[in-house]
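Structure first, commentary second.
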Amino acid sequence: MHLDALSWSVDGRVIVDGVDVTPPTGALTGLLGPNGAGKSSLLRLVAGVLHGAGAVHLDGTDLLTLRRRDRARLLALVEQDGAAPEGLTVAETVLLGRTPHGSPLAGMSTADRERAAQALTTAGVSALRDRALTTLSGGERQRVHLARALAQDPRVLLLDEPTNHLDVRAQLDTLAVVRDLTADGVTVIAALHDLNLAAASCDHVVLLHHGRVAAAGPVAQVLHPDVLEPVYGVRCTVLEHPGTGRPVLVFDRG
Amino acid sequence: MRRPPTPLALGVGLVALLVSLVVAITVGPAGIAPADVWATVAHHLGVAAPGGDLSPLLDGIVWELRLPRVLAAALVGAGLAVAGAVMQTVVRNPLADPYLLGLSGGASLGAVAVLVLGVAVLLPVAAFAGALAALVATLALAGSSAATSPARTVLAGLAIGQLAAAGTSFVIFWSATGDSYRDILAWLMGSLAGAGWSDVAIAAVAVGVLGTGLLAAGRSLDALALGDTAAAALGIAVARVRWALLVTVALLTGALVAVSGSIGFVGLAVPHAVRLVVGTAHRRLLALTAVVGATFLVWADTAARALFEPRELPVGIVTALVGAPVLAALLWRRRRLEA
């Protein structure tokens, strides 16, 4: 997968500025950067929800030139604060992930229902299946939207702050679900706020600053004081996790 | 949240509708029994021997007066309720309804304008044009950004609706030939008095064709309920689908207003009540909304003509009696949510 010179501006203000990166296939790529760096906008551009300049290549096709439905069969997006419309149950919401599969005029098939039930189980929310979406906690809701994206059967999954609102345990559970997906060959790009969470779970990171790529590469290379300090404006110390050997970051205002 | 199985809910609804149709026909000054209704209908459909016990006069009352009126009420009720349910999802506003957002008023103005000009053939077209113009004006006035509050859209709709109502009243007043106040009331508050088979035909085609189209868009409507970004990521052409649905709703409203004048609150009260039972998934919601809306307006119209016999209430007064408290309850609940 290759994001080819993606740009987007609104009212003459450049929000995403020539982003050109290659997230590895079947891996978890963390999209990092301070508030307003353009993470959400970049994900929406890749999903074809925002229309800017550039291309998104997957196996030689530009996803942005595909018809919407065809693109939605290859690529799913989970927004930061997924909606909770009244009157939808968890099971009905997850079933909506099957929308791009099958005819838009036909109803949902048995196969669609089975795939949705599977996604509920994979995301660990099948116990909630008959609950109304409006009665869920923020974290539960986010897991339901993740399940909806899984039911979409995408090859590329875009997650905008999937661990927002979640307590530590739920954050780790969610990222474990995502890691399992990458093991099945799904390419995941997740905007993350928590640098330590990214350090502990990502294979690859892209660091955005003012809409541009400040750094991109393996975790150890990007989550480095020399790279992070100018972007976040903090002093940073990198330690090594005694168990996993992965980097642990400690910050002070300097 | 366990839902009743769809076939069960729909079956119960259809039986209730059928019983309502038959009973509504028996209500009125001329005493008619349910069995007479069956006999007349069977006779006219040619499936049974003439039931000798019904006089030609009573037969005429059933076949020429009450049956078309009751069927027109059912079709208009079904169409308005479905239009409301679709609008609520498409403009993402629980208070949306063809009447509250000014579509019905615009359609009435279009309709009386061509009637005064003496080109009655154009009635449905003019009603549609009026509905569409009112919808565009309301959405432009409210601003269609996501930040627009539901109440603001309703205010815009009220402004447009009142303007259209004033226009309608003026057109009728200006062309007045004596008893025009009844006409004004009939267009502004709705009336099914005098509905005949041609009205049934217009409403049946509109509800049959456009209603089927809206039902077929059920999956897109479900996706739209999740928000524009989520719907777009699910492969829905959000802007195109939204306008196609709104134009369909305007067409439907125009056709129904041409038949019955503007009847309020059916599109507001019925979908909310049905949603409480079967949820938001649109195929199920729209099918059941149509059946319940039909039953509701059949009874509202029966009350309108029977309560103060021989005088008739405009049916919009009856629907407002039920619908306005629903609107009040929705506003009350939003106030709590926003507090």
Side-chain angles (χ1 to χ4, degrees), chain A residues 40 43-44 46-51 66-93 95-108 112 128-135 144-145 148-149 151-152 154 157-158 160, chain B residues 1-4 6 85 88-90 92-95 146 150 212-241 244-245 271-289 330 333-334 337:
Chain A
S40 295
L43 289 180
R44 287 168 178 225
V46 174
V49 172
L50 288 179
H51 306 287
L66 291 180
R67 288 169 50 227
R68 279 164 220 269
R69 266 164 51 78
D70 296 337
R71 183 164 63 237
R73 288 184 204 167
L74 295 172
L75 183 145
L77 167 70
V78 177
E79 288 175 276
Q80 188 171 154
D81 288 302
E86 276 184 61
L88 277 186
T89 64
V90 168
E92 287 165 347
T93 307
L95 194 55
L96 286 180
R98 301 303 298 166
T99 303
H101 302 270
S103 155
L105 298 184
M108 295 288 176
D112 287 332
L128 304 174
R129 51 171 300 126
D130 290 322
R131 291 268 300 276
L133 209 52
T134 45
T135 65
V144 171
H145 283 295
R148 176 177 59 75
Q152 213 171 324
L157 178 60
L158 308 173
D160 196 354
Chain B
M1 204 171 23
R2 283 279 165 198
R3 314 255 197 241
T6 309
Q88 282 149 25
T89 298
V90 171
R92 196 154 301 121
N93 182 345
L95 306 179
T212 306
L214 293 172
L215 199 63
R219 273 177 91 149
S220 303
L221 281 163
D222 288 342
L224 280 177
L226 283 181
D228 286 2
T229 304
L234 283 170
I236 306 292
V238 174
R240 192 148 36 105
V241 168
L245 288 168
H272 281 291
V274 173
R275 218 177 263 122
L276 286 179
V277 182
V278 301
T280 291
H282 280 83
R283 278 165 177 263
R284 191 165 51 200
L285 173 67
L286 295 184
L288 206 63
T289 292
L330 288 171
R333 199 168 60 154
R334 287 203 75 78
L337 284 178

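A note on names: the letters A, B, ... follow the listed sequences, proteins ahead of strands, and every chain is numbered from 1.
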* Structure fact -> Among A/His145, A/Arg67, A/Met108, the residue with the most heavy-atom pairs under 4.5 Å to chain B is A/Met108
* Select one option (side chain, backbone, both, neither) describing which atoms of A/Arg98 are under 4.5 Å from chain B's heavy atoms. => both
* Contact part of A/Leu50 toward chain B, heavy-atom cut-off under 4.5 Å: side chain, backbone, both or neither? -> neither
* To do: Heavy atoms only, distances under 4.5 angstrom: which of B/Ala233, B/Gly279, B/Ser220 has the most pairs with chain A? Name it, please.
  => B/Ala233
* Minimum heavy-atom distance A/Arg44-B/Thr229, with the two atoms named -> NH1-OG1, 3.7 Å
* **B/Thr280 side-chain N/O to A/Glu86 backbone N/O, donor-acceptor pair under 3.5 Å** => yes
* To do: List in chain and number order the residues that pass side-chain hydrogen bond (donor to acceptor under 3.5 Å, both in side chains) with A/Arg71, two or more places apart in sequence or in another chain; answer none if no residue qualifies.
  => none
* To do: For B/Leu234 and A/Gly97, work out which heavy atoms get closest and say how close.
  => CD2-CA, 4.0 Å
* Asked: Of all heavy-atom pairs between B/Gly235 and A/Ala72, which one has the smallest distance, and what is that distance?
  -> N-CB, 3.6 Å
* Determine which residues belonging to residues 281-288 of chain B lie within contact range of chain A, meaning some heavy atom pair is under 4.5 Å apart, and list them by number or answer 'none'. => B/Ala281, B/Arg283, B/Arg284
* Asked: Looking at B/Gly218, B/Pro94, B/Ala217, B/Ala216, which makes the most heavy-atom pairs under 4.5 Å with chain A?
  -> B/Ala216
* Please look at A/Arg148 and chain B and tell me whether the side chain, the backbone, both or neither of the residue comes under 4.5 angstrom of a heavy atom of that chain. => side chain
* Pairwise side-chain contact, A/Glu92 with B/Asp222, heavy-atom cut-off 4.5 Å (strictly under) -> no
